[in-house]
Student: 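Quick one: this structure, given as structure tokens, is what I'll be asking you about.
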2 protein chains.
Amino acid sequence: MGRLSIGELARKTGVHIETIRYFEKIGMLGAPARTAGGHRVFDDGHLRTLKFIKRARELGFAPKEVRTLLDLGGPAEACCDEVREIAIHHLEEVRRKIDDLTRLERHLTATVEQCSGGHVPDCAVIDMLETARP
Amino acid sequence: MGRLSIGELARKTGVHIETIRYFEKIGMLGAPARTAGGHRVFDDGHLRTLKFIKRARELGFAPKEVRTLLDLGGPAEACCDEVREIAIHHLEEVRRKIDDLTRLERHLTATVEQCSGGHVPDCAVIDMLETARP
DNA sequence: CCTTGAACCTATATCTACTACAGGACGTAC
DNA sequence: GTACGTCCTGTAGTAGATATAGGTTCAAGG
């Protein structure tokens with residue numbers, strides 16, 4: 001059973017020390033044990049949880065969703081149904097975002113291609129930005 | 001030449017009154033004229049600029065990029081080259097984001113399909129989140 | 001045992017990009 | 001001239017961290 005200082009935990013997870021303390025403060029990560037002198041002592045559970053949080057954030061889950069997932073996944077009892085719902089909801093948002101970005105990508109590509117790159121007063125990019133959306 | 005109150009400007013652009021004052025404060029939007037009593041009086045230039053800002057933000061340009069675009073596009077002199085560079089950089093980021101989200105979408109879809117939806121202790125979604133990225 | 005320096009502690013402030021008050025002044029229509 | 005909507009400034013709040021200041025603890029070397 002590993003006993004980790006906050007610095008070791010930070011190195012193992014890639015999460016900033018200040019952010020770990022912040023997560024503890026807002027209740028995202030449980031309060032760890034302390035040494036006699038007051039230094040935090042984390043265990044493998046904290047390591048697992050912090051990795052989980054980091055990965056979920058990287059995958060685009062909102063902090064509130066992460067919290068819910070932690071609440072559900074923690075005791076591992078009322079699992080799949082609710083977890084699944086959050087994941088599906090997230091999936092829908094991801095698909096919507098991909099659509100939006102793809103449209104923007106096409107628009108930007110076309111615009112940049114039009115752009116001569118010279119010092120002309122007319123610029124396709126500026127024009128695009130000045131044109132109100134229909 | 002239109003003379004707009006802050007409220008009219010807000011209605012015409014869809015930007016909140018407080019946000020307009022905020023844009024003025026941070027120098028994103030030029031300071032307007034004032035009535036004798038101190039009320040702001042905007043003109044068509046402000047309207048154009050604010051619409052520009054709004055549209056650029058909607059298209060995902062970062063505030064700093066918007067500011068640079070305004071600086072470049074304002075006097076319309078050193079135009080295309082730099083504008084083009086910002087647009088291309090933005091385009092690259094958009095493409096990267098699309099790739100990331102597409103991978104996530106595939107991953108989530110596969111995971112949710114695996115998920116029975118019952119009350120089993122093993123949950124594919126939780127598993128996915130607990131598995132560290134290679 | 002004692003020193004030294006890295007790591008840690010709390011508390012507060014800062015950041016971005018806004019949004020939301022509170023309490024008062026202005027402007028215009030009747 | 002008065003009522004009411006709009007506007008003013010200034011301050012505070014939001015999320016989600018990140019950074020700083022000033023002090024304490026831990027661990028390794030002498």
Side-chain angles (χ1 to χ4, degrees), chain A residues 2-43 46-47 49-71 90 93 129, chain B residues 2-43 46-47 49-71 86 90 93:
Chain A
R3 292 172 56 81
L4 303 159
S5 73
I6 196 168
E8 289 164 336
L9 186 61
R11 272 189 297 280
K12 288 202 177 192
T13 57
V15 177
H16 287 172
I17 286 179
E18 295 89 349
T19 308
I20 294 172
R21 285 197 281 249
Y22 168 71
F23 282 162
E24 181 190 334
K25 203 179 78 181
I26 63 167
M28 185 84 95
L29 191 65
R34 299 277 187 148
T35 65
H39 286 202
R40 287 171 180 81
V41 182
F42 297 92
D43 58 31
H46 292 106
L47 181 61
T49 304
L50 191 52
K51 277 185 179 168
F52 182 97
I53 294 169
K54 202 198 171 203
R55 177 133 167 87
R57 296 289 289 118
E58 280 171 359
L59 291 176
F61 285 85
K64 273 184 193 175
E65 291 177 321
V66 176
R67 207 183 278 259
T68 310
L69 286 171
L70 283 172
D71 290 348
H90 186 52
E93 290 215 335
L129 289 164
Chain B
R3 292 172 56 79
L4 303 160
S5 73
I6 196 167
E8 288 164 337
L9 187 60
R11 271 189 297 280
K12 287 202 177 193
T13 56
V15 177
H16 286 174
I17 285 179
E18 294 89 350
T19 308
I20 295 173
R21 285 197 281 249
Y22 168 73
F23 283 163
E24 181 189 335
K25 203 178 77 180
I26 64 168
M28 185 83 96
L29 190 64
R34 298 277 186 150
T35 65
H39 285 201
R40 287 170 180 82
V41 182
F42 297 91
D43 59 30
H46 291 107
L47 180 61
T49 304
L50 191 52
K51 276 185 179 169
F52 182 98
I53 294 169
K54 202 198 172 205
R55 177 133 166 87
R57 296 289 291 118
E58 281 171 358
L59 291 175
F61 285 85
K64 273 183 192 173
E65 292 176 321
V66 175
R67 207 183 279 257
T68 309
L69 286 171
L70 283 172
D71 290 347
I86 293 174
H90 186 52
E93 290 215 337

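Heavy-atom basis, side chains included; hydrogens, waters and symmetry copies ignored. Every chain is numbered from 1 and lettered A, B, ... according to where its sequence line falls, protein lines coming before strand lines.
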Student: Look at the side chain of B:Pro63 and decide which nucleotide, out of C:dA17, D:dT20, C:dC8, has an atom nearest to it.
Tutor: C:dA17

Student: Does A:Ser5 put a side-chain nitrogen or oxygen below 4.0 Å from OP1 or OP2 of D:dC26?
Tutor: no

Student: Rounding to a whole Å, what distance do you find between B:Leu9:CG and D:dT6:C1'?
Tutor: 14 Å

Student: Under 4.0 Å: is that the gap between some side-chain N or O of B:Thr35 and OP1 or OP2 of C:dC26?
Tutor: no

Student: Heavy atoms from C-beta onward define the side chain here; which of D:dT18, C:dC26, C:dT19 lies closest to that of A:Tyr22?
Tutor: D:dT18

Student: Could you report the tightest heavy-atom contact between A:Phe61 and A:Arg57, atom names first, then the distance?
Tutor: O-NH1, 2.9 Å

Student: Is the shortest distance from a Lys or Arg side-chain nitrogen in B:Glu8 or B:Lys12 to a carboxylate oxygen in the other one below 4.0 Å?
Tutor: no

Student: How close do B:His46 and B:Leu29 get, heavy atom to heavy atom, and via which atoms?
Tutor: O-CD1, 4.0 Å

Student: Just how far, in rounded Å, is P of D:dA21 from CZ of A:Arg21?
Tutor: 15 Å

Student: Can you tell me how far P of D:dT6 sits from CG of B:Leu4, to the nearest Å?
Tutor: 15 Å

Student: What closest approach, in Å, do B:Phe23 and B:Val15 show between heavy atoms, and which atom pair accounts for it?
Tutor: CE1-CG1, 4.4 Å

Student: Do you know the tightest heavy-atom contact between A:Arg40 and A:Glu24?
Tutor: NE-OE1, 2.6 Å

Student: Closer to the 5' end of DNA chain D via nearest nucleotide, is it A:Gly38 or B:Arg34?
Tutor: B:Arg34

Student: Has B:Thr19 got a side-chain N or O lying under 4.0 Å from the OP1 or OP2 atom of C:dA17?
Tutor: no

Student: At less than 4.0 Å, is any side-chain N or O atom of B:Arg40 found next to OP1 or OP2 of D:dC7? Yes or no.
Tutor: no

Student: Report which part of the nucleic acid A:Ile17 touches: base, sugar-phosphate, or nothing (heavy-atom distance under 4.0 Å, all strands).
Tutor: sugar-phosphate

Student: Whole angstrom is fine here: how far is it from CD in A:Glu8 over to C1' in C:dA6?
Tutor: 13 Å

Student: Given atom CZ of B:Arg11 and atom C1' of D:dC7, what is their separation to the nearest angstrom?
Tutor: 12 Å

Student: Taking CZ from A:Arg57 and P from D:dT18, how many angstroms apart are they, rounded to a whole number?
Tutor: 10 Å

Student: Write down the distance between NZ (B:Lys64) and P (C:dT16), rounded to a whole number of angstrom.
Tutor: 7 Å

Student: Select from A:His39 and A:Met28 the residue whose nearest nucleotide in DNA chain D is closer to the 5' end of that strand.
Tutor: A:Met28

Student: Nearest whole angstrom, please: distance from the C1' of C:dT19 to the CZ of B:Phe23.
Tutor: 12 Å

